[in-house]
Amino acid sequence: MALGTARPALPALLALIGALLPGLGGAQTSVHPLEAIIPRGGSVQVNCSTSCDRRAFLGLETQLTKKEVAQGDNWKIFELSGVQEDSTPICFSYCQAQTMVSMSLTVYWFPERVELAPLPRWQPVGENLTLRCQVAGGAPRTNLTVVLLRGEEELSRQPAVGEPAEATVTVLAGRDDHLANFSCRTELDLRSRGLGLFQNSSAPRQLRTFVLPETHPNLATPSIVEAGTEWPVDCTMDGLFPASEAQVRLELSGRNLHPTVTHKNDSLLATAHDKANMEEEGTHQLSCVVTLGHQSRSWRENVTIYSFPAPNLTLSEPEVSEQTVVTVECEAQAGALVMLTGGVPARLPGPRAQLQLNASAEDDGRIFFCSALLEVAGQVLHKNQTRELRVLYGPRLDKRDCLGNWTWQEGSQQTLTCQAWGNPVPELKCHRKGDNALLPIGDLRPVTREVAGTYLCQARSPRGEVTREVVVNVIYHRNYILTTILVTVAFTIGASGLAAYFYNRQRKIQKYKLQKAQEAAAMKLNTPATPP
């Protein structure tokens, strides 16, 4: 039987014999190369030779596909092809005795699959995250390493063990890991075998981390809303990360309010404006739900929608003549209480209020006030209504509003005040008796003596007329002041002239006496002395 078709146990048996009987007859068998590494499916040439001094029989025992490509005296070259796995081919020779030697043939190949297991869609910050990388295939495993990475940062380096090999590492997720890429890589290091470092990487997977506090959102909304009005809703929450990824849903009894959401740092604000409908009267549940990652926080408040129109305040006649009986009524919707005021003692609130009065001039312009009260969800609400009563009456000129006598100082600034009353407002004119001169009323002006006199003030309207006599007195003084001034000036001038006369006369007398004294002294000096 040919050696190439020997049973699988034959190479091991031959290797054992070669080890037990080395060098019989002194001839040795050699193989080149002793070690070889080739890619899977590749080929290699093996040189088998012997030191026999005569022609020997040479062969190569292997299960691999082989072909003799060259030969010579005591050597042969075989080509092994299509190598799929590690093998130990044996060169043998027969020279008086059989000797053999084996070589190590290593096959390398790259992993067929390098994959990082899917990451959670959202990972809470502060919780452990386990990364798993699976590697299928790849050899030699003793030279194959699995590296787990965050970006380019190496998290773990482990040998590839098992098939498929799995490498894991646990990290604490943080805010910095949000949107970070994680991957794994295999390294087949054959540099010690004269080849290179071969790397295969998985597709990166992006991680999203989040923080959602245990606290609930804050709802700011009125607890009661009047039907037909627009009302605001605010929902806020702090401590979110990333706040821009948070989803907010505002609902009123299941109806989406479609809020507008804004973000600032780690906070969000959701605002909505809704119009309350009459059909929605009653108590509703308003909810705000904030969702981030796979978690949600929610809060709910009750909102009561109510209808409360202003009370109905009526006057039997809004404009009446004096001595007409007027009925004032105030009424509100069912469930509300009303209170009516307007110059009359207030009564306790009730479902309806009414009063009657006999209209007089003093009632003209009177304001009647109706206040309705309604309790909604523990709150007391007020709605008010007012009406004004107009009473028609003739002109009036009372002493308090138009004095019968004015006394003024000439030249002073005065305003003549004379007020006529009536509805409609009467026209007022004051004419002086005799010359029918018109007295200016209501103007501030200096008083002159020409305005003095007796006037008839007449107030007239479609409902009649009334007249009142008014006397204007002007106090003035004759002009004695100028005469006094002139006399004083004349006296002063006369006194001054008289004083000047006496002063000059006295001066001349003194001068004359001095001159006479000087002349007497000169004569005395010129008189000769009397001899003894």
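These figures come from a predicted structure and were not determined experimentally.
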Side chains of [X] and [Y] in contact at under 4.5 Å (non-hydrogen atoms):
{"X": "Val376", "Y": "Glu226", "answer": "no"}
{"X": "Gln98", "Y": "Phe57", "answer": "no"}
{"X": "Val69", "Y": "Lys67", "answer": "yes"}
{"X": "Arg366", "Y": "Leu357", "answer": "yes"}
{"X": "Asp364", "Y": "Arg390", "answer": "yes"}
{"X": "Tyr108", "Y": "Leu190", "answer": "yes"}
{"X": "Gln354", "Y": "Arg352", "answer": "yes"}
{"X": "Val135", "Y": "Asn200", "answer": "no"}

Considering only NZ, NE, NH1 and NH2 on the basic side and carboxylate oxygens on the acidic side, decide whether [X] and [Y] come within less than 4.0 Å.
{"X": "Glu251", "Y": "Arg300", "answer": "no"}
{"X": "Glu85", "Y": "Arg40", "answer": "no"}
{"X": "Arg175", "Y": "Asp266", "answer": "yes"}

Can you list everything that forms a salt bridge (charged side-chain N to carboxylate O under 4.0 Å, His left out) with Glu79? Sequence neighbours excluded, please.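 Listed in chain order: nothing, the list is empty.
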Closest approach of [X] to [Y] (non-hydrogen atoms, all atoms of both residues):
{"X": "Arg141", "Y": "Gly138", "result": "NE-O, 3.0 Å"}
{"X": "Ser102", "Y": "Ile90", "result": "CB-CG1, 3.9 Å"}
{"X": "Cys91", "Y": "Thr29", "result": "O-CG2, 3.6 Å"}
{"X": "Cys48", "Y": "Leu60", "result": "SG-CD1, 3.9 Å"}
{"X": "Ala276", "Y": "Val225", "result": "CB-CG1, 3.8 Å"}

Which residues share a side-chain hydrogen bond (donor to acceptor under 3.5 Å, both in side chains) with Thr170, sequence neighbours left out: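 Scan of Thr170 (side-chain hydrogen bond (donor to acceptor under 3.5 Å, both in side chains), adjacent residues dropped) gives Thr130.
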Listed partners of Glu154 passing side-chain hydrogen bond (donor to acceptor under 3.5 Å, both in side chains), at least two apart: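 With sequence neighbours excluded, Glu154 shows a side-chain hydrogen bond (donor to acceptor under 3.5 Å, both in side chains) to Arg157, given in chain and number order.
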Gln45 side, atom CD; Glu68 side, atom CD - distance, nearest 0.5 Å: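 With rounding to 0.5 Å, CD (Gln45) is 11.5 Å from CD (Glu68).
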Restricting to side-chain contact (heavy atoms from CB on, under 4.5 Å), what partner residues turn up for Ala56, sequence neighbours left out?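 If we apply the side-chain contact (heavy atoms from CB on, under 4.5 Å) test to Ala56, skipping adjacent residues, the hits are Thr50, Cys52, Asn74, Cys95.
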Sequence-distant partners of Pro309, side-chain contact (heavy atoms from CB on, under 4.5 Å), two or more places apart: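 Counting only residues at least two positions away or on another chain, Pro309 forms a side-chain contact (heavy atoms from CB on, under 4.5 Å) with Ser307, Gln333.
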If only atom types and distance count, is the side chain of [X] paired as donor or acceptor with the main-chain N or O of [Y] below 3.5 Å?
{"X": "Gln295", "Y": "Pro213", "result": "no"}
{"X": "Asn143", "Y": "Asp189", "result": "yes"}
{"X": "Arg205", "Y": "Leu119", "result": "no"}

Does one side chain, of [X] or [Y], offer a donor that lies under 3.5 Å from an acceptor on the other?
{"X": "Gln379", "Y": "Ser223", "value": "yes"}
{"X": "Asp86", "Y": "Thr106", "value": "no"}
{"X": "Asn384", "Y": "Ser371", "value": "yes"}
{"X": "Trp299", "Y": "Glu301", "value": "yes"}
{"X": "Gln356", "Y": "Thr327", "value": "yes"}

Identify every side-chain donor-acceptor pair in residues 280-289 under 3.5 Å, counting partners at least two apart or on other chains, and give the distances.
unit_1: Glu280; atom_1: OE1; unit_2: Asn277; atom_2: N; d: 3.4
unit_1: Glu280; atom_1: OE2; unit_2: Arg255; atom_2: NE; d: 3.4
unit_1: Glu280; atom_1: OE2; unit_2: Arg255; atom_2: NH2; d: 3.1
unit_1: Thr283; atom_1: OG1; unit_2: Thr304; atom_2: OG1; d: 3.2
unit_1: His284; atom_1: ND1; unit_2: Ser253; atom_2: OG; d: 3.1
unit_1: His284; atom_1: NE2; unit_2: Glu280; atom_2: O; d: 2.5

Which word best sums up how the rings of His178 and Trp122 line up, parallel for under 30°, tilted for 30 to 60°, or perpendicular for over 60°?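 Parallel.
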Determine the interplanar angle of the Phe198 and Phe110 rings, folded into 0 to 90°, and report it as parallel if under 30°, tilted if 30 to 60°, perpendicular if over 60°.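 Judged by the thresholds at 30° and 60°, the geometry between Phe198 and Phe110 is tilted.
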Please report the C-alpha distance between Leu197 and Gln199 in whole Å, then the side-chain angles of each, then the deciding distance to 0.1 Å, and finally whether the side-chain contact (heavy atoms from CB on, under 4.5 Å) criterion is met. CA-CA 7 Å; Leu197 176 66; Gln199 296 179 337; 4.0 Å; yes
Thr62 and Leu105: side-chain contact (heavy atoms from CB on, under 4.5 Å), yes or no, with the steps? CA-CA 11 Å; Thr62 181; Leu105 181 56; over 6 Å; no
